[in-house]
**Student:** 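I have a structure here, written as structure tokens, and I will follow up with some questions on it.
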Amino acid sequence: MRMSKLLMPTLREVPAEAEIASHRLMLRAGLIRKLAAGVYSYLPLGLRTLRKVQDIIREEMDRAGAQELLMSALLPAEAYQASGRWEVFGQSMFRLKDRGERDFCLGPTHEELFTQCVIDNVKSYKEYPMTLYQIQTKYRDEARPRFGIIRSREFVMKDAYSFDLDEKGLDISYQKMYEAYNRIFKRLGLDFTVVDADSGAMGGSGSQEFMVKSPVGEDGIAYCEKCGYAANYEKCECIPTAVDAPEEEKEREKIHTPDAHTIDELVQSLGMKPENFAKTIIYRADDKYIAAMVRGDRDVNEVKLKNLIGCVDDLELAEPDAVREITNAKVGFAGPIGLGIPVYADKEVAMMKNFIIGANESDMHYKNVNIDRDFTPDVVADIRVVVTGDACPVCGEPIKSEQGIEVGHIFKLGTKYSDSLGLKYLDENGKQQTVIMGCYGIGVTRCVAAAIEQLHDDDGIIWPVSIAPYEVLVIPANYKNDEQVAAAEKLYQELKDRGIDALIDDRAERAGVKFKDADLIGIPVRLVVGKKCGEGIIEYKERSAKEAIETSIADAADKAEEFIKKNK
RNA sequence: CGGGAUGUGGCUCAGUUUGGUAGAGCACUACGUUCGGGACGUAGGGGCCGCAGGUUCAAAUCCUGUCAUCCCGACCA
């Protein structure tokens, strides 16, 4: 491609709307343009990269035995009504009506459609196992789109669904996808981690996320350097630790604690440490109320709590009025003694001695409280959020933490959709069985942003060869020098003849402008035909390298090709 | 959905406090000089000052409403 003909509107200045590196660079390098919040157009360079990502995904999915198909993005309401998700999705679904006032939506995800497709078209158990996938545009009306392409309202996703006759089959299908995903992200040049993830209230034994480590990531990763354990923060199991040296149980005492309704204020007024307190937090789970207890220095993990109580829909902090009614006190003085709702205590609370709790009476707390003697929780379980330094649940070493961008998720769905939609089969004994499903997603557009987030410097993008819009960029340094231009054109032609994605900067621009743009758009190899052209010498530079090296014109194409092949 | 901020030419922003009829840099067009890390000079083109009301002799500027965008949080199959 000739740059003089390429729609590549690079920006010298940073658009005010962009906060993070990938967003800034995608705008500056002319990859995308915004149409509305969370809605972007892909310009030629951006599209080429997006396509290359898709091609890699396609190759690896096909290699793993999955079949590609394509569902509509425009879907009738009925598709989601049987599974109940027409309601569940609520505001985050783009809804519309056709001219006959029938309800439609723009598909946010396609579990139901794939399940229905199999129901309609697969007639015999002999056709299983089967894995289907598509690369498709999804629509979600995010409450808050952000970070450019990382969290947008229209995005490209690869979603795959496996259909198996039994659990053992699902394990095999899942494993194949696990391996395919590892190959895909490696080929995309991403530095990623696989973490255990939450599988939601609907159960399911396996769920793993592929995370690209990045400070701008929206998910927390807890990991262990020693044994390699890694989990989503929400999922990470917590090993309870006792803080107090063993001591005698003391007499329980009611104490006056005026206006001390936070742990901080209690610590101030009583001169104790946060870990001497147990906080009791009132939640509304769907339409009933429950209490959760964790140590004063811990936080409740709402995902764990939600899974534990089997709360399907909504788990939220109780409204202040409800708290006052339940505890007979101002907000901030809740405690388990005499509380009329179920109490879920964290394992660590069960290990505490002589601790302090709210007394369900305004401005009053109890001290020297002991579990079982003074109250008995209905359930004791792991319901807290992991913190850095906690013991690794596998080997006990201190846990570390990092932020990550979720680029892939593989998940054993089980029979959620096959049950609700009726995907069954007759086995060889004529007995009716339910098909078992898995689902596997990759945020394709998000991968592009994640790659840039991880691979850039102050000057611009540093594309890995596999997804670079072009592989080699040829620059005649002085466009008025006929010798340089002719040599550059010849080199460009040779690269193209070798099947390399080559780009030539044939614009009537000064060298400085061309170099700046070259760095910004991040083409992996740059060949500059300049002053030493007459001696048969040009400059070879890899975008990731600091320095350029001189090479003969004769060798340049070989050198470039070798690098491309090696890193593709 | 709660909190905060911002809307002025394609981009970055000044002008708003103290109303007086719109400006800079970059980009664009033409010519000349320059020519290996975003050149310089001269001359140009381009703006319903987000939108709608209101106050006023006069509104980018003050008031009311509304829309949009960004940031923090909540939410996130």
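Convention: sequence-line order gives letters A, B, ...; per-chain numbering from 1.
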**Student:** Pick base, sugar-phosphate or nothing for A:P108, based on heavy-atom distances below 4.0 Å to the nucleic acid.
**Tutor:**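 No contact at all - A:P108 keeps every heavy atom at 4.0 Å or more from the nucleic acid.
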
**Student:** Nearest-Å distance, CG (A:D141) to C1' (B:C75)?
**Tutor:**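 Taking atom C1' of B:C75 as the reference, CG of A:D141 is at 12 Å.
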
**Student:** With P as the reference atom in both, quote the distance from B:A74 to B:U61 in angstrom, rounded to an integer.
**Tutor:**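 To the nearest whole Å, 37 Å.
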
**Student:** For atom P, what is the distance between B:C49 and B:A43, given to the nearest Å?
**Tutor:**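 To the nearest whole Å, 28 Å.
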
**Student:** May I have the list of side-chain donor-acceptor pairs in residues 68-77 of chain A shorter than 3.5 Å, sequence neighbours left out?
**Tutor:**
| unit_1 | atom_1 | unit_2 | atom_2 | d |
| --- | --- | --- | --- | --- |
| A:E68 | OE1 | A:R58 | NE | 2.9 |
| A:E68 | OE1 | A:Y133 | OH | 3.4 |
| A:E68 | OE2 | A:R58 | NE | 3.2 |
| A:E68 | OE2 | A:R58 | NH2 | 3.2 |
| A:S72 | OG | A:L74 | N | 2.9 |
| A:S72 | OG | A:L74 | O | 2.8 |

**Student:** Separation of A:R144 atom CZ from B:G4 atom P, in whole Å?
**Tutor:**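 Taking CZ of A:R144 and P of B:G4, I get 15 Å after rounding.
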
**Student:** Rounding to a whole Å, what distance do you find between A:E316:CD and B:C75:P?
**Tutor:**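 A:E316 atom CD is separated from B:C75 atom P by 8 Å.
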
**Student:** Please name the nucleotide paired to B:A60 by Watson-Crick or G-U wobble geometry with both distances under 3.5 Å, or report none.
**Tutor:**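 Partner of B:A60: none.
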
**Student:** Once you measure the plane-to-plane angle for A:H409 and A:F411, does it fall in the parallel (<30°), tilted (30-60°) or perpendicular (>60°) bin?
**Tutor:**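 Rings of A:H409 and A:F411: parallel, under 30°.
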
**Student:** Evaluate the criterion side-chain contact (heavy atoms from CB on, under 4.5 Å) for residue pair A:I504 and A:E489; output intermediate values, then yes/no.
**Tutor:** CA-CA 8 Å; A:I504 183 167; A:E489 288 288 350; 3.9 Å; yes

**Student:** Return the set of residues passing ring-ring contact (aromatic ring centres under 6.0 Å, His included) with A:Y161 (not counting sequence neighbours), or none when no residue passes.
**Tutor:**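 By the ring-ring contact (aromatic ring centres under 6.0 Å, His included) rule, A:Y161 matches A:F114.
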
**Student:** Name all residues meeting the ring-ring contact (aromatic ring centres under 6.0 Å, His included) criterion together with A:H110; count only those two or more places apart in sequence or in a different chain, and write none if there are none.
**Tutor:**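 Result, ring-ring contact (aromatic ring centres under 6.0 Å, His included) vs A:H110: none returned.
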
**Student:** Scan A:D517 against the nucleic acid and name what it touches under 4.0 Å (heavy atoms): base, sugar-phosphate only, or nothing.
**Tutor:**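 Since a base atom lies under 4.0 Å of A:D517, the category is base.
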
**Student:** Which base, if any, makes a Watson-Crick or G-U wobble pair with B:U69, both distances under 3.5 Å?
**Tutor:**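 Pair assignment: B:U69 / B:A5.
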
**Student:** Whole angstroms only, please: what is the CZ-C1' distance between A:R28 and B:G10?
**Tutor:**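 Computing the A:R28:CZ to B:G10:C1' distance gives 16 Å.
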
**Student:** B:A58 and B:C62: how far apart are their C1' atoms, nearest whole angstrom?
**Tutor:**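 My reading of the C1' atoms in B:A58 and B:C62 gives 13 Å.
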
**Student:** Is it the case that atom CD in A:Q175 sees more than 12 heavy atoms from other parts of the structure closer than 6.0 Å?
**Tutor:**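 Yes.
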
**Student:** Heavy atoms, side chains only, cut-off 4.5 Å: are A:Y283 and A:E316 in contact?
**Tutor:**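 Answer no - side chains too far apart.
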
**Student:** Looking only at the side chain of A:A37 (C-beta and beyond, no hydrogens), which of the listed nucleotides B:U69, B:G38, B:U12 gets closest?
**Tutor:**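 Nearest to the side-chain atoms of A:A37, counting from C-beta on, is B:U69.
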
**Student:** Looking at the side chain of A:R146, which of B:C70, B:G37, B:C72 is the nearest nucleotide?
**Tutor:**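 Of all the options, the side chain of A:R146 is nearest to B:C72.
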
**Student:** Find the distance A:D219:CG to B:C75:C1' and express it as a whole number of Å.
**Tutor:**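 Rounding to the nearest Å, CG of A:D219 and C1' of B:C75 are 13 Å apart.
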
**Student:** If the condition is ring-ring contact (aromatic ring centres under 6.0 Å, His included), which residues does A:Y174 pass it with, not counting sequence neighbours?
**Tutor:**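 A:Y174 satisfies ring-ring contact (aromatic ring centres under 6.0 Å, His included) with no residue once adjacent residues are dropped.
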
**Student:** Of the candidate nucleotides B:C13, B:C75, B:G38, which contains the atom at the shortest distance from the side chain of A:L520?
**Tutor:**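 Closest of the options to the side chain of A:L520: B:G38.
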
**Student:** For nucleotides 24-36 of chain B, give me one character per nucleotide, 5' to 3': B if any protein heavy atom sits under 4.0 Å from the base, S if the only such contacts are to the sugar-phosphate, - if neither.
**Tutor:** -BSS------BBB

**Student:** What integer number of Å spans the C1' atoms of B:C11 and B:G46?
**Tutor:**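 Comparing C1' positions in B:C11 and B:G46 gives a spacing of 14 Å.
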
**Student:** Over how many whole Å does the gap from A:R507 atom CZ to B:G37 atom P extend?
**Tutor:**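 In whole Å, B:G37 P lies 15 Å from A:R507 CZ.
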
**Student:** Checking base pairs now: Watson-Crick or wobble, both atom distances under 3.5 Å. What partners B:C35?
**Tutor:**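 Paired with B:C35, as far as the under-3.5 Å criterion goes, is no nucleotide at all.
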
**Student:** Taking the six-membered ring of A:F155, is NZ or CZ of A:K138 closer than 6.0 Å to its centre and within 45° of its axis?
**Tutor:**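 No cation-pi geometry.
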
**Student:** Checking contacts here: which listed nucleotide (B:G37, B:C72, B:G38) is nearest the side-chain heavy atoms of A:V513?
**Tutor:**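 Out of B:G37, B:C72, B:G38, the nucleotide with an atom closest to A:V513's side chain is B:G38.
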
**Student:** Could you work out the separation of B:C71 and B:C31 based on their C1' atoms and round it to a whole Å?
**Tutor:**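 After rounding to an integer number of Å, I get 47 Å for this pair.
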
**Student:** Within the structure shown, what part of the strands sits under 4.0 Å from A:R153 by heavy-atom distance: base, sugar-phosphate, or nothing?
**Tutor:**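 Nothing, no nucleic acid heavy atom in range.
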
**Student:** Whole angstroms only, please: what is the CD-C1' distance between A:E19 and B:G4?
**Tutor:**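 Between C1' of B:G4 and CD of A:E19: 13 Å.
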
**Student:** Which base, if any, makes a Watson-Crick or G-U wobble pair with B:A43, both distances under 3.5 Å?
**Tutor:**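 Base-paired to B:U29.
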
**Student:** How is A:L27 classified with respect to the nucleic acid when contacts are heavy atoms under 4.0 Å: base, sugar-phosphate, or nothing?
**Tutor:**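 Counting heavy atoms under 4.0 Å across all strands, no contact is made by A:L27.
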
**Student:** When rounded to the nearest Å, what value does the distance between P atoms of B:C13 and B:U8 take?
**Tutor:**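 My reading of the P atoms in B:C13 and B:U8 gives 10 Å.
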
**Student:** Counting the atoms with a prime plus P, OP1 and OP2 as sugar-phosphate, which does A:A143 contact under 4.0 Å by heavy atoms, base, sugar-phosphate, or nothing?
**Tutor:**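 Since a base atom lies under 4.0 Å of A:A143, the category is base.
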
**Student:** Please enumerate all residues that pass ring-ring contact (aromatic ring centres under 6.0 Å, His included) together with A:H456, with sequence neighbours excluded.
**Tutor:**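 Here no residue qualifies.
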
**Student:** Would you classify A:A18 as touching base, sugar-phosphate or nothing, given that sugar-phosphate means primed atoms plus P, OP1 and OP2, and contacts are heavy atoms under 4.0 Å?
**Tutor:**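 Since no nucleic acid heavy atom lies under 4.0 Å of A:A18, the category is nothing.
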
**Student:** Closer to the 5' end of RNA chain B via nearest nucleotide, is it A:T10 or A:E17?
**Tutor:**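 Nearer the 5' end of the strand: A:T10.
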
**Student:** Using the C1' atom as the point on both nucleotides, what is the distance between B:U29 and B:A14, in whole Å?
**Tutor:**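 Roughly 26 Å separates the two C1' atoms.
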
**Student:** I need the CG-P distance between A:L317 and B:C75, as an integer number of Å.
**Tutor:**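 For the pair A:L317 CG and B:C75 P, the rounded distance is 9 Å.
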
**Student:** Which whole number of Å gives the distance between the C1' atom of B:A24 and that of B:G37?
**Tutor:**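 The same atom, C1', in both gives a distance of 26 Å.
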
**Student:** Once you apply the 3.5 Å cut-off to both distances, tell me the Watson-Crick or G-U wobble partner of B:U18, or none.
**Tutor:**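 Result: none.
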
